[in-house]
Number of protein chains: 2
Amino acid sequence: MQSDDAIPDVVIKRLTIYARALYQLHASGAATVSSSELAAATGSTAAQIRRDFSYFGGFGTQGKGYEVGRLLEEVKRILNLNEQWGMVLIGAGSLGGAVARYNRFAENGFVICRIYDRNPERIGNRLDGVTIEDVATLRETVSREQILIAILTVPASAAQWAANLAISAGVKAFLNYAPASILAPPDVRVHDIDPVAALQSLTYYLSPGRSDEVEPSSRTTA
Amino acid sequence: MQSDDAIPDVVIKRLTIYARALYQLHASGAATVSSSELAAATGSTAAQIRRDFSYFGGFGTQGKGYEVGRLLEEVKRILNLNEQWGMVLIGAGSLGGAVARYNRFAENGFVICRIYDRNPERIGNRLDGVTIEDVATLRETVSREQILIAILTVPASAAQWAANLAISAGVKAFLNYAPASILAPPDVRVHDIDPVAALQSLTYYLSPGRSDEVEPSSRTTA
DNA sequence: ACGTGTGAAGTCTTTCACAGCG
DNA sequence: CGCTGTGAAAGACTTCACACGT
């Protein structure tokens with residue numbers, strides 16, 4: 001009741017986008033950036049950016065803008081990006097394999113420490129340098145190592161089961177690649193990555209009837 | 001068209017989640033579903049679901065609920081899922097390879113027709129049965145074949161360039177795997193998939209220093 | 001009885017617009 | 001001056017709660 005200054009989720013999401021742009025600005029040697037410049041780089045608006053940073057007190061200088069290095073550090077601090085995060089990958093099929101080999105995780109401080117599967121043919125194999133273990137051993141190991149993040153790359157039919165197991169081991173955050181809704185208690189956060197769902201929401205905005213042998217009479221112009 | 005005012009984007013996004021649940025319900029033989037049952041299956045609320053469908057006129061029967069097959073068909077119609085959508089993949093590196101081999105696209109009516117790269121060493125190779133072509137030929141082919149959807153799997157530094165090229169060829173929707181913000185005109189829609197950004201917004205909610213740091217004061221809801 | 005569809009209310013988010021500071 | 005930070009207004013979305021059809 002005392003500090004109901006909860007930051008909206010959507011602000012946190014935008015912070016990650018600002019961080020991405022600030023990394024680039026920093027690398028390119030820019031010293032300062034204004035809210036309108038950052039807006040142009042991220043597809044946001046200047047007012048939005050100023051409001052977003054004002055939730056954390058504001059990091060700018062009037063008349064000048066924001067100091068790029070300082071702002072990036074502040075964002076990293078807010079998002080807890082100054083430490084390495086250990087993660088567990090559940091599901092070592094083709095999707096799990098592709099995710100395990102995605103270099104940007106480790107480059108950004110997210111390290112896959114453990115990989116689990118339930119298929120005996122996969123257990124014992126290595127994937128990107130990590131041995132695939134029996135998912136039956138997940139709870140004991142993950143809770144002992146206090147891993148808080150799990151990546152779900154299991155079939156949809158196993159997703160809730162795997163999530164429940166991870167939650168019972170203390171996992172508090174999921175990156176869910178399974179095409180299924182995960183039900184979890186409020187202190188556990190789930191971020192879904194479903195490329196097919198993403199495409200399906202894009203096609204809503206496209207008029208039907210293109211490609212194959214459609215006459216060139218119907219076009220979009222939306 | 002049918003609508004007098006625009007449907008919120010967030011409603012369209014939820015429609016894809018409802019579709020996922022309805023597919024499963026339909027496959028499991030369920031004849032009807034109530035808004036509260038669908039809410040339980042998708043992590044939404046009953047009122048939300050009724051409101052969402054009411055944007056399209058409402059598909060239910062009072063006292064009974066929704067007929068699963070009918071509702072699924074309505075959602076598919078709204079989202080334009082009754083046709084095959086051709087897509088172009090730009091960037092045939094390791095990420096592009098993984099995306100090209102992701103089976104769920106074709107299973108859901110999204111077919112990668114063309115694959116482009118700018119690297120001569122890759123051009124001519126095949127990826128999941130499709131020959132990698134020189135990106136210099138993209139504009140001519142994509143505009144002729146009226147492909148409206150592009151998947152971007154290029155490095156961040158090439159993302160805007162590739163997007164501009166695709167837009168000039170008539171592409172109206174992007175699934176953007178590059179960790180960069182794409183700037184596009186308002187009639188072009190971009191959906192970003194950035195797993196690192198997703199993790200970064202998850203770690204905001206995790207207290208840093210997981211092996212110690214048990215602050216008895218600050219608790220999230222349990 | 002039961003569960004939908006929807007005005008109305010409530011809550012959350014964005015945008016405006018400008019005071020104030022470097 | 002230019003640009004931030006922020007009250008206030010506007011707008012968007014969610015939830016409530018109940019009339020109504022089956």
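Throughout, a chain's letter reflects where its sequence line sits, starting with A, and its residues are numbered from 1. FYI, side chains are in, hydrogens and waters are out, and symmetry mates aren't considered; it's all heavy atoms of this structure. Keep in mind that what you see is a predicted model, and the values were worked out from it rather than measured.
The distance between atom CG of B:D5 and atom P of C:dT6, rounded to the nearest whole Å, is 13 Å. Here C:dT11 presents its P atom at 18 Å from CG of A:D9, a figure rounded to the nearest Å. Taking atom NZ on A:K13 and atom C1' on C:dC12, their separation rounds to 16 Å, with Å as the unit. Distance A:F59 CZ to C:dG22 P: 18 Å, rounded to the nearest Å. The interatomic distance linking B:I7 (CD1) with D:dC13 (C1') rounds to 13 Å, in whole Å. If you take CD1 of A:I49 and P of C:dT14, they are 12 Å apart, rounded to a whole angstrom.
A donor-acceptor pair under 3.5 Å links the side-chain atoms of A:D117 to the main chain of A:A92, judged by distance alone. Side-chain atoms of A:N176 come within 3.5 Å of backbone atoms of A:A180 as a donor-acceptor pair (strictly under, hydrogens ignored). The backbone N or O of A:I90 sits less than 3.5 Å from a side-chain atom of A:T153, completing a donor-acceptor pair.
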Please test A:R70 against A:E74 for salt bridge (Lys or Arg N to Asp or Glu O under 4.0 Å), starting from the C-alpha separation and ending with a verdict. CA-CA 6 Å; A:R70 157 90 194 290; A:E74 295 286 1; 2.8 Å; yes

Quick one, give me the B/S/- string for nucleotides 14-22 of chain D, reading 5' to 3', where B means a protein heavy atom under 4.0 Å from the base and S means that only happens at the primed atoms, P, OP1 or OP2. SB-B--BBS

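The side chain of A:S35 places no N or O atom within less than 4.0 Å of a non-bridging phosphate oxygen (OP1 or OP2) of D:dC3.
Backbone-only engagement by A:Y66 is indicated by non-hydrogen atom pairs under 4.0 Å involving sugar-phosphate atoms exclusively. Looking at heavy-atom distances under 4.0 Å, A:F56 makes no contact with the nucleic acid at all.
Nearest heavy-atom pair, B:L175 versus B:I193, reported as atom, atom and distance to 0.1 Å: CD1-CD1, 3.8 Å.
Relative ring orientation between A:Y102 and A:F105 is described as perpendicular, the plane-to-plane angle rising above 60° on a 0-90° scale split at 30° and 60°.
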